[in-house]
Amino acid sequence: MQVSENVRELQPSATLAIAARARELRAQGKNVIDLSAGEPDFATPEFIGRGGIGAIEQGFTKYTAVAGIPALRQAIAKDLQKITGKAVDPAGIVVSTGAKQALFNTIFTLFGPGDKVLLPAPYWTSYPDLIKLARAETVYVPGDEADSFKVDVAMLEAASDDKTKGLILNSPSNPTGAVYSRDELDAIVRWAFARNIWIVSDEIYTRLSYDSGIATSLLELDDAILGTTVIINGASKSFAMTGWRMGFSYCGVELADKLAALQSHVSSNISTITQYAALAAYKAEAPQDEAMKAMIKVFHRRRDMLIDLLAENMPNSKYVRPSGAFYLFLRVDDQYDATCADSIAFCSRLLDEVGVAAVPGSAFGDDRYIRLSFAVSEEAMTEGIKRIARAMH
């Protein structure tokens with residue numbers, strides 16, 4: 001079939017494809033443990049759901065402003081201010097259908113043909129395709145494996161030239177769980193500011209940080225160097241609202257107006273009902289806030305448990321110790337042979353032989369690894385690691 005060059009080379013999300021295959025096998029009656037999940041295994045908290053139900057009952061089902069209802073934008077601004085200690089202008093917030101649309105809006109607006117965008121690798125699977133949709137060029141910057149694959153100024157400088165217009169950062173990281181320190185981020189932002197390079201900072205996992213409190217946001221840095229940054233965040237991960245589809249961008253008002261203008265032609269406002277549910281999340285008082293913190297504590301416990309399980313069942317395994325998010329990047333290339341030559345084949349083998357779903361590292365730019373999720377019950381995680389250990393030769 002002949003299709004536009006705009007989408008000719010796009011591939012479906014590998015993470016969603018694995019999850020779909022796992023569901024298919026379960027429907028056939030097979031016992032599958034899904035360690036590929038990219039979403040919390042918790043139900044959306046009841047008080048958030050009541051916000052959405054209330055919107056329906058009160059008839060709040062009409063179109064809204066493209067960038068979101070004012071109350072929601074104000075609540076997000078207050079939440080960001082509480083986290084970062086910085087004043088946040090609600091006019092700079094554009095509410096989108098998930099963080100993925102906020103990323104699309106930003107990348108499509110800022111970059112175009114002839115522009116280069118730096119992308120630290122490994123990376124979340126959708127970034128390269130979003131850059132491709134903008135007709136810009138992705139420049140991959142391999143991170144330091146010994147330092148959880150993080151990049152530094154020297155690496156970014158070596159990969160840059162006069163066509164470099166952007167850099168995408170993701171901390172905490174999907175797939176590695178790496179978290180950049182304040183000093184590391186400060187150095188990178190100062191470098192980008194001096195080079196007039198836009199930074200798109202994907203902070204969707206910022207609350208899911210385990211070793212030093214909430215992960216540092218770029219908003220916490222010196223205001224003087226933040227003129228060319230866009231913050232991406234949302235409710236999906238931290239508030240267990242993946243299916244509600246709510247994300248947002250935050251940037252200067254002039255750019256925010258451009259992002260909203262683009263969104264007005266792509267999707268207009270996000271679901272009005274979702275906006276009122278998200279309003280309940282972002283306005284949460286202390287009791288509700290404690291419920292959210294309890295979920296984060298569970299993820300922290302599972303992270304520690306997963307590391308213990310690997311030490312017990314695969315003592316020689318190599319992996320990135322996750323400081324945030326809910327993933328562990330496990331190196332498996334010592335298992336490759338003539339019949340299992342790469343991470344896709346290895347994940348297929350896990351699924352077929354021992355009934356464990358994992359995501360191949362090739363989806364994230366490093367074929368030596370696979371991604372495991374600990375957004376599953378402790379029982380499932382324990383059994384899953386035992387099965388993977390049995391599949392190892």
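Values below: every heavy atom of this structure, side chains too, minus hydrogens, waters and symmetry copies.
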Please step through salt bridge (Lys or Arg N to Asp or Glu O under 4.0 Å) for the pair R135 and D115, ending with a clear verdict. CA-CA 8 Å; R135 301 286 189 93; D115 295 338; over 6 Å; no
Under the ring-ring contact (aromatic ring centres under 6.0 Å, His included) rule, what do Y369 and F149 come out as? Steps first, then yes or no, please. CA-CA 12 Å; Y369 284 77; F149 287 105; 5.5 Å; yes
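- When each of V332, N313, I33, L372 is paired with I388, the side chain to side chain contact (heavy atoms under 4.5 Å, CB included) condition holds for L372 and for no other.
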How far apart are the C-alpha atoms of D211 and R303, what are their side-chain angles, what is the distance that settles it, and do they pass the salt bridge (Lys or Arg N to Asp or Glu O under 4.0 Å) test? CA-CA 11 Å; D211 296 329; R303 189 280 305 265; 3.0 Å; yes
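- The environment of N196 atom CG is sparse: at most 12 non-hydrogen atoms of other residues, nucleotides or ligands sit within 6.0 angstrom.
- E203 and Y250 share no donor-acceptor pair across their side chains, judged by distance under 3.5 Å alone.
- Once rounded to the nearest 0.5 Å, the distance linking CD1 of I370 with CD1 of I344 reads 13.0 Å.
- Here K82 contributes atom NZ and D79 contributes atom CG; the two are 5.0 Å apart, rounded to the nearest 0.5 Å.
- A salt bridge between D304 and R302 is absent, with no side-chain N of the basic residue lying under 4.0 Å from a carboxylate O of the acidic one.
- Put simply, CG on L306 and CE on M381 are 5.5 Å apart, with the number rounded to the nearest 0.5 Å.
- Each of Y123, Y127, W124 was checked for a side-chain hydrogen bond (donor to acceptor under 3.5 Å, both in side chains) with D202, and the lone residue meeting it is Y127.
- Of the N and O atoms on the side chains of T229 and W198, not one donor lies less than 3.5 Å from an acceptor on the other residue.
- Rounding to the nearest 0.5 Å places OG of S201 at 8.5 Å from CD1 of I232.
- Residue E157 holds its CD atom at 4.5 Å from CZ of R195, rounded to the nearest 0.5 Å.
- In this structure, Y63 shares a hydrophobic cluster with no other residue, the cluster being traced through Ile, Leu, Val, Met, Phe, Trp and Tyr side chains under 4.5 angstrom apart.
- For the atom pair CG of N105 and OG of S249, the computed distance is 6.5 Å after rounding to the nearest 0.5 Å.
- For K237 and F326, the positive end is not near the middle of the six-membered ring at less than 6.0 Å and at most 45° from its axis.
- Side chains of F108 and L262 form a contact here, defined as non-hydrogen atoms less than 4.5 Å apart.
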If you apply the rule salt bridge (Lys or Arg N to Asp or Glu O under 4.0 Å), what do you find for R368 with D366, and how did you get there? CA-CA 6 Å; R368 301 170 298 172; D366 196 322; 2.8 Å; yes
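- Q263 and S96 share a side-chain donor-acceptor pair at under 3.5 Å.
- In E46, the CD atom is not crowded: 12 or fewer heavy atoms of neighbouring residues, nucleotides or ligands sit closer than 6.0 Å.
- N31 and R387 share a side-chain donor-acceptor pair at under 3.5 Å.
- Taking the side chain as every heavy atom from C-beta outward, Y327 and V320 never approach each other to under 4.5 Å.
- Within a 6.0 Å sphere centred on CD of E254, heavy atoms belonging to other residues, nucleotides or ligands number 12 at most.
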